[in-house]
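These values consider heavy atoms only, across backbone and side chains, with no hydrogens, waters or symmetry-generated copies. When a residue number appears, it is its place in the shown sequence, counting from 1.
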Amino acid sequence: MKKKMALIVSLMLVCTLVLAACSKENGGGAANNGNGANAGGTAAEGNANTGSGDAAAAPVKISIFAQQNPETDFTTNSFTKEAEKQFNIQFEWQTIPYDGAAEKRQISLASGDYPDLYMLIPWVDRFSQTDLLRFAQQGVVLPLNDLIDKYAPNIKAAMDKYPFYKAMNTAPDGNIYGLSQLIECYHCSFPNKMWLNTKWLDKLGLEMPTTSEEFKAVLKAFKTQDPNGNGKADEVPLSGANGESGEHIIPYFMNGFIYDDDRTYLLLDNDKVDIAANKPEWKEGLAFVKSMYDEGLIDPGAFTQNGEAYKKIGDNAEIQILGAGEAMHPGIFVTTGNDAPYGADYDPVAPLQGPKASFATYNYPSDPGATFVLTNKASEEAQIAAIKLVDYMMTPEGNLRANFGEEGVDWRKPAESEKAINDAVAPYFTTIPLKKDEKPHNTNWGAMAQYYNPKEYRDSWVAADDIYSSEGYERRLQQATELYDGKQPENLFPHWAIWIDPATADEVAMMKTNIKDYIDQNALQFVTGAKDLDKDWDAYVKGLDNLNLKRYLELMQTAYEGTK
């Protein structure tokens, strides 16, 4: 199957190269790595127009609101200088630190003294879809449809090629009021992974578990058979954290009973929106997790501790004590890479076969909401220049320069012996790590410029064969994710692409928060014994109904119908 998929990926890339080559007949040129490969670039990239078309024209002034880290100075940044020259722009920067970014953006809008352009980092702050609809109704945010049609062939091609990306960016009225970044981080797509200490597994002569009960048996062995060999019962069989990167303990096991998306708990049943957390299978899943907790196989702090506390367990200085950890990648709970004492000991466990299912939690890795937003302060010239700039970032060439930096300084062409993360794909570039004590180069816009990161492009990044080295870490995550891919339900509730009517947005937001908090709090109480699953289950279900669950599901059904 993997060979077949590799062949399909190769054919897709060949088709992309052919389309890009054809575009040269219209006066463009495909992004090229010097070896004829364009790393999965969109078919339209060769047609991207750059500059104003009038070399003598005065630069177009664009006031731009951006989040800036202490290691970057956008004013003197070398990509800023290059973009200004290439697109005939003069930027007027309004920069803010990451802390309090959302509040500062809201203040800038409320003041009326807002910029022509917001260009944000999605994991720092972004315009929500509700924000976009509200500000569009007020005339503050401009629709981008005509600009994209006329000046942004790469954005247009991406919308056509990636249906989720188009759905995330297209409001129910058909307008595009802002752009999110196209980030198809493969390992991020399956965040709830389990990592098992295979050094301990081998020492105890155990096999990799494939079922829920087998996994429980392994944890019992870790607890009782002294795998770290110090003669003390100090092992922590399983831990996790209360984080946002797949550290939650319950979903991995719940997926053996009923699908748990770890976000909304919503399901699709024959295209009807429903919720998992009041079903008998949910109760059974909680009972299984509780059985492990009652036997001391789960760290009591796993449900509430932060990432720092979690990593202290994984990196325990005196001796290794962690048997298994839940996380998107092992670097969350243990130091990985060259010379790390425990980082190479944890390998991924495929989704377990439970009594009812063997699901894997899936999440489309691009965040909904917009990081590129033009306002009504922008002149026509500024609008055109800005959309051309982000369209350039929608190519492998543009992403490489804007996101990663300068060739020979921050990245280089691959050597003959180097391979891409996906063995079936030609390697496109290799990053050049900073030397010890070397300061960042201020040569790129980093995460602010990640507009073109589809899977086929990310697959072309170079990674070392040694998956336990720092240079091979991405290959390690790629291989781990392959164990999970295909285990997601066929029909998922696409919460990442759902648009909520502004008229009901506050109501939906409140119900969503209340319902999720109620489910999470009760799950913890049932697992730890604060509530009895047999005696208190009916009251729990009734309490969920009392949070206006029926109305919430109706509104989510309406939103789903409006955006599917």
Student: Excluding sequence neighbours, so at least two apart, what forms side-chain contact (heavy atoms from CB on, under 4.5 Å) with Tyr98?
Tutor: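 If we apply the side-chain contact (heavy atoms from CB on, under 4.5 Å) test to Tyr98, skipping adjacent residues, the hits are Gln67, Asn69, Ile121, Trp123, Val124.
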Student: Among Asp466, Asp423, Asn422, find the residue that satisfies the side chain to side chain donor-acceptor pair (under 3.5 Å) test when tested with Arg475.
Tutor: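 Testing each of Asp466, Asp423, Asn422 against Arg475, the sole residue satisfying side chain to side chain donor-acceptor pair (under 3.5 Å) is Asp423.
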Student: Determine the interplanar angle of the Trp496 and Tyr364 rings, folded into 0 to 90°, and report it as parallel if under 30°, tilted if 30 to 60°, perpendicular if over 60°.
Tutor: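 Rings of Trp496 and Tyr364: tilted, 30 to 60°.
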Student: Given 3.5 Å as the limit, does a donor-acceptor pair link the side chain of Thr430 with the main chain of Val462, or not?
Tutor: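 It does not hold such a pair.
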Student: Given Phe372, which of Asn169, Leu120, Leu144 fulfils the side-chain contact (heavy atoms from CB on, under 4.5 Å) condition?
Tutor: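 Testing each of Asn169, Leu120, Leu144 against Phe372, the sole residue satisfying side-chain contact (heavy atoms from CB on, under 4.5 Å) is Leu144.
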Student: Decide whether Glu247 and Asn242 meet the rule of one side-chain donor and one side-chain acceptor closer than 3.5 Å.
Tutor: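 Result is no, nothing qualifies.
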Student: Between Tyr362 and Tyr484, does the ring-ring contact (aromatic ring centres under 6.0 Å, His included) criterion hold? Intermediate values first, please.
Tutor: CA-CA 9 Å; Tyr362 174 83; Tyr484 289 71; over 10 Å; no
Student: If every non-hydrogen atom of Asn491 is compared with every non-hydrogen atom of Leu268, which pair is closest and at what distance?
Tutor: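 Closest approach of Asn491 to Leu268, heavy atoms only: O-CB, 4.1 Å.
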Student: Tell me if a side-chain donor or acceptor on Ser366 pairs with a main-chain N or O of Ile183 at a distance below 3.5 Å.
Tutor: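 The answer is yes, because a donor-acceptor pair under 3.5 Å joins these two groups.
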Student: What class does the angle between the rings of Tyr452 and Tyr457 fall in, given that below 30° is parallel, 30 to 60° is tilted and above 60° is perpendicular?
Tutor: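 If you compare the ring of Tyr452 with that of Tyr457, the planes turn out tilted.
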Student: For a quick test of reading the model, state the closest non-hydrogen atom pair linking Trp499 to Met168 and the distance between them.
Tutor: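 Closest heavy-atom pair between Trp499 and Met168: CZ2-O, 3.1 Å.
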Student: Can you give me the closest heavy-atom contact between Ala447 and Gln181, atom names plus distance?
Tutor: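 Closest approach of Ala447 to Gln181: O-NE2, 2.8 Å.
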Student: Strictly by modelled atom types, are Asn255 and Thr361 linked by a side-chain donor-acceptor pair under 3.5 Å?
Tutor: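 Side chains of Asn255 and Thr361: pair found under 3.5 Å.
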Student: Going by distance alone, is a donor N or O of one side chain under 3.5 Å from an acceptor N or O of the other, for Tyr118 and Asp125?
Tutor: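 No, Asp125 and Tyr118 have no side-chain donor paired with an acceptor closer than 3.5 Å.
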Student: Under 30°, 30 to 60°, or over 60°: which ring-plane class applies to Trp200 and Phe222, parallel, tilted or perpendicular?
Tutor: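 Correct class here is perpendicular.
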Student: Is the charged tip of Lys311 near the ring of Phe333: under 6.0 Å from the six-membered ring centre and within 45° of its axis?
Tutor: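 Output no; distance or angle outside limits.
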Student: Just checking Phe79 against Phe74, ring centres under 6.0 Å apart?
Tutor: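 So the answer is no for these two rings.
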Student: Using 0.5 Å steps for rounding, measure from the CD1 atom of Ile176 to the NZ atom of Lys166.
Tutor: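 Rounded to the nearest 0.5 Å, the CD1-NZ separation comes out at 7.5 Å.
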Student: Would Asn363 and Ser189 count as having a side-chain donor-acceptor pair, cut-off 3.5 Å?
Tutor: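 Their side chains do not contain a donor-acceptor pair, so the 3.5 Å distance test is not met.
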Student: Would you please say whether a donor-acceptor pair under 3.5 Å links the side chains of Asn444 and Glu406?
Tutor: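 Judged by distance alone, the side chains do not pair up.
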Student: Establish, from distance only, whether the side-chain atoms of Ser469 and Asn338 form a donor-acceptor pair under 3.5 Å.
Tutor: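 Judged by distance alone, the side chains do not pair up.
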Student: Between the side chains of Lys413 and Glu407, is the shortest nitrogen-to-carboxylate-oxygen separation below 4.0 Å, so that they form an ion pair?
Tutor: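 Lys413 and Glu407: salt-bridged.
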Student: Assess the side chains of Thr371 and Gln450: does a donor N or O sit below 3.5 Å from an acceptor N or O?
Tutor: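 No.
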Student: I'd like to know if the side chain of Trp445 pairs up with that of Thr80 as donor and acceptor (distance under 3.5 Å, no hydrogens or angles considered).
Tutor: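 A pair is found: one side chain offers a donor N or O, the other an acceptor, under 3.5 Å apart.
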Student: With a 3.5 Å distance limit and no angle check, can you tell me whether Asn175 reaches the backbone of Tyr177 through a side-chain donor-acceptor pair?
Tutor: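 Looks like no, no N/O pair under 3.5 Å.
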Student: How close do Ile387 and Ala152 get, heavy atom to heavy atom, and via which atoms?
Tutor: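 Ile387 and Ala152 have their closest heavy atoms at CG1-CB, 4.0 Å.
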Student: So, do Phe429 and Phe404 have ring centers that fall under 6.0 Å from each other?
Tutor: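 Yes, close enough.
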Student: Just by distance, with hydrogens left out, do Gln86 and Lys388 show a side-chain donor and acceptor under 3.5 Å apart?
Tutor: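 Short answer, no.
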Student: What closest approach, in Å, do Ile155 and Asp391 show between heavy atoms, and which atom pair accounts for it?
Tutor: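 Looks like N-OD1, 2.9 Å.
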Student: Going by atom types only, do Tyr451 and Asn399 share a side-chain donor-acceptor pair under 3.5 Å?
Tutor: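 Checked: Tyr451/Asn399 side chains show no N/O donor-acceptor pair below 3.5 Å.
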Student: Could you please spell out the steps behind the side chain to side chain donor-acceptor pair (under 3.5 Å) verdict for Asp410 and His441?
Tutor: CA-CA 8 Å; Asp410 306 287; His441 302 139; 2.7 Å; yes
Student: Between Glu82 and Arg401, is there a side-chain N and carboxylate O pair less than 4.0 Å apart?
Tutor: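 Yes, charged N to carboxylate O under 4.0 Å.
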Student: About how many Å separate CG of Asn77 and CZ of Phe91, when rounded to the nearest 0.5 Å?
Tutor: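 The CZ atom of Phe91 sits 10.5 Å away from the CG atom of Asn77.
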